[in-house]
Each structure stands twice: as C-alpha cells, then as structure tokens.
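Each remark here refers to the structure printed beneath this line.
Excluded from the calculations below are hydrogen atoms, water molecules and symmetry mates; all remaining heavy atoms, backbone and side chain alike, are included. Numbers here simply count residues along the sequence, with the first being 1.
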Amino acid sequence: MFLPVGDIPNPRSTPWMTYALIAINIAVYALVTIPLSLTRPDLNDPLLLDYLNALNLHGDWPIQSLLDQVSAYDLAVFRYGYRPAHPALLNLVTAMFLHGGWLHLAGNMLFLYIFGDNVEYRMGRWRYLLGYLGSGIAATLFFALFVPGSQVPLIGASGAISGVLGFYFVWFPRNQVKVFVFLFPLLMTHVLISARLVLGFYLLVDNLLPFLFTGSEGGGVAHGAHIGGFLAGMGLAAASDRLPGILQLKGPRVSRARANLVDAVTDIVLAIERGDVAHAAARYATLESRAQRGQLATANLLIIGRHLLAHDQPELALTVFRRLIAERPGDAGLDQAYLGAGQAMLRKKHGDTAAWHYFLAAIDLARTADVSAAARQGLREIEEGQAGVE
C-alpha cells in the first residue's frame, strides 16, 4: 500500500478554510449520514416510489425486503445527490458534502488536509473556497457528459478535492509528498516523492486508465469526476494570473520580499537544485523555529551542513547537524548527521572528546560502509593526534 500522509514545505499560516471544509464534511456525515443510514424510509414518502422506479428496485419484491435494502439516507442521496438525468442547480453543491461511507469520507479529507493548505495560502481563503466549489461543479458536469441519462446520484467531495490537486500540480511542482509504504512484512517506512509524480500517478493510473477501461461510472467510483475536477483546477491555476476577477492571486502576499515559511523553504530547495548551496545555507539561517526547519528534507539539511564544512564554517555546520540530531530522532539520515557533527568538532579547539562520541554514534547507526569508514577515519585522526601530543 502506498498512502500519502503529508507534504513539504507547508505555509506558516493556519488554513482555516481547509479546516472549515473538513469540519463541515465530517459534521454532515456524523449528523446526517449516520442517523439516516440507521433509519428506514417512510413508506408514505412519494420519493420512495421515484427512487425504486429510477433504480429499477421495484417489482415483485416483498415490502419488507425493500425496507431491508433501503435507508432514509438512500432517499436523501437520491434527493440531494446529482443525477445527470434529473439535474438540479442546488444539487451541484449539496452533492459535494455527502459521502457513501466513512472510508470514502476519510480518503477525501486526508487529501484535502495534505494539499489544501498550500493552495489556500496561495489563493487566499475566499478565493480558495470559490475555486474549490467551482472545481467540484466542473467535475460533476464533466462526469455528467458521459452518462447524461443516468439516475444514479453522484456524491462526494472528491471532484472538488481533485480540483485542489490540480491547483497544487501547477503551482507547487517542486514540493515533495511524504508517502507511507506498507508492504508487510517486508517494508514499512515513508519516502519523499516529487508532488508531480504523486499527483500524476493519481490522475493517470488511479483515474484515467480505469475511466478508459472500465467505463465512465467505474464500478461505483466516479473517475470521470476526478478527471474533470483535476483538469478544472489545472486550468484555473494556469489562467489565474490573467483573470481580473475572483480567482486572481493576491499580489502582496505572494510577491513580498520578506518571504514567510513556504517561500523560504521553497527558496532553499530551489537553490540546492540549481547548485547554489551557499544561498541555501544563508537562507536556512533565517528559519526561526523547529517547526520551520522541519519542513526541509533531511537530505537537504545534510547538503547544507556538508557545504558549510567544506567552506571552513564548522560552527555553522555543527549547528545544522546538532539540530538534525535533536529534532529528528530515528531519522534515516542520523548516521550522516553524527558523522558531520564529529567532523565539525574535530576542527574546533578541544573538540576531540565530543568528536569521538559523535563518531562512535555514527558507526553504531551507519547504514552504509562509507559512513562507517569515514567515522573510523575520524577516530584514527583523534588517536594519532593524542599520540603526537604524548
């Protein structure tokens, strides 16, 4: 199983609209879906007959058998979900807040939580809300193009959330997604993967291929809506700088020279990618807290630390390595951080004792022969230095 569980970098600001959308979806599920799912429909409700006729659930079935198969929530979905054969403007919106089960809800909310904050920060919360709803409506209409006569209601936030993913795909190509890899019992870990690879996989493998090979309704999954929402988000993101209206980006917040967290971390990542590690190291020094530094991948921190060592800045390098050790216990790069800290301490006066312990820790945690060999070399240098003093 491969499951996205987070992304980096993230903005410092709180994504209130994303949280509000998550809260509304959960509240609707808790206060509407669950109670109505446990309630049998009223036999006198005229909508019940329409429901049975539309979905071909009528005939010679006993009444009790029908009641066992149909809940009040089924009728609510039939009323407020979007049916292409019976379109209603209100249902374009209400359908986004109804879900077929807790797994359906959980998956949607996880993706909204991971990817929504950066998009909300970039657009501003009210433009973000309009982009979310607009993408959801576009997703539904795109789906309806392929099944114009369907009476099966379309529900769920995934079309709107796919729109958020489309915005993210265009605006944050160099972000990384933390993916949990679960191949029990062989492997359980997480890896950082380019956001565009993850979202491209979602669009092509998870949706486009099933849409092409299993049909528009995809065995109960509206792949067409996911594709439509994603394309709508991409289109709006690409055009947003040119639109003078509601989706235009907020200039001061995006272009301000005093970048906040998302800009600073992105600047560091871009600087490393183009080989300007000196700029990345200088920008790293402006990060103010552990939460901010936590947005950087360990690999980038190690690159900055090694650069500082190579350019005779052991104090600054030691700060980078020590922070990594203190703030990321259990990280896969700890062996290299201990090695770097030991190498930095070797360059400090009276730093041999601390360096010795750092090198020992690097050997204990070494994941490669190169790290172990470099740490042992450091130990030999300390021993030879002490022997020379004697």
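Residues meeting the side-chain contact (heavy atoms from CB on, under 4.5 Å) test with Val77, sequence neighbours left out: Tyr73, Pro153, Ile155. With sequence neighbours excluded, no residue satisfies side chain to side chain donor-acceptor pair (under 3.5 Å) with Thr94. Applying the side chain to side chain donor-acceptor pair (under 3.5 Å) rule to Gln176 yields no partners; only residues at least two apart in sequence or on another chain are considered. Every residue two or more places apart in sequence or in another chain was checked for a side-chain contact (heavy atoms from CB on, under 4.5 Å) with Asp364, and none qualifies. Every residue meeting the side chain to side chain donor-acceptor pair (under 3.5 Å) condition with Arg380, not counting sequence neighbours, appears here in chain and number order: Gln377. Residues that satisfy the ring pair (Phe, Tyr, Trp, His ring centres under 6.0 Å) test with Phe97, not counting sequence neighbours, are absent from this structure. The side chain to side chain donor-acceptor pair (under 3.5 Å) test applied to Arg376 returns Ser372, not counting sequence neighbours.
Leu270 belongs to no hydrophobic cluster with other residues, because no ILVMFWY side-chain heavy atom falls under 4.5 Å from its own, directly or through intermediates. Residue Ile8 belongs to a hydrophobic cluster whose other members are Leu192, with links defined by side-chain heavy atoms closer than 4.5 Å.
Contacts classified as salt bridge (charged side-chain N to carboxylate O under 4.0 Å, His left out) and involving residues 326-345 (residues at least two apart or in different chains) are given here: Arg293-Glu327. The salt bridge (charged side-chain N to carboxylate O under 4.0 Å, His left out) contacts involving residues 140-156 comprise nothing, where partners must be two or more places apart or lie in separate chains. Note on residues 310-319: pairs passing salt bridge (charged side-chain N to carboxylate O under 4.0 Å, His left out), not counting sequence neighbours, are Glu315-Lys348.
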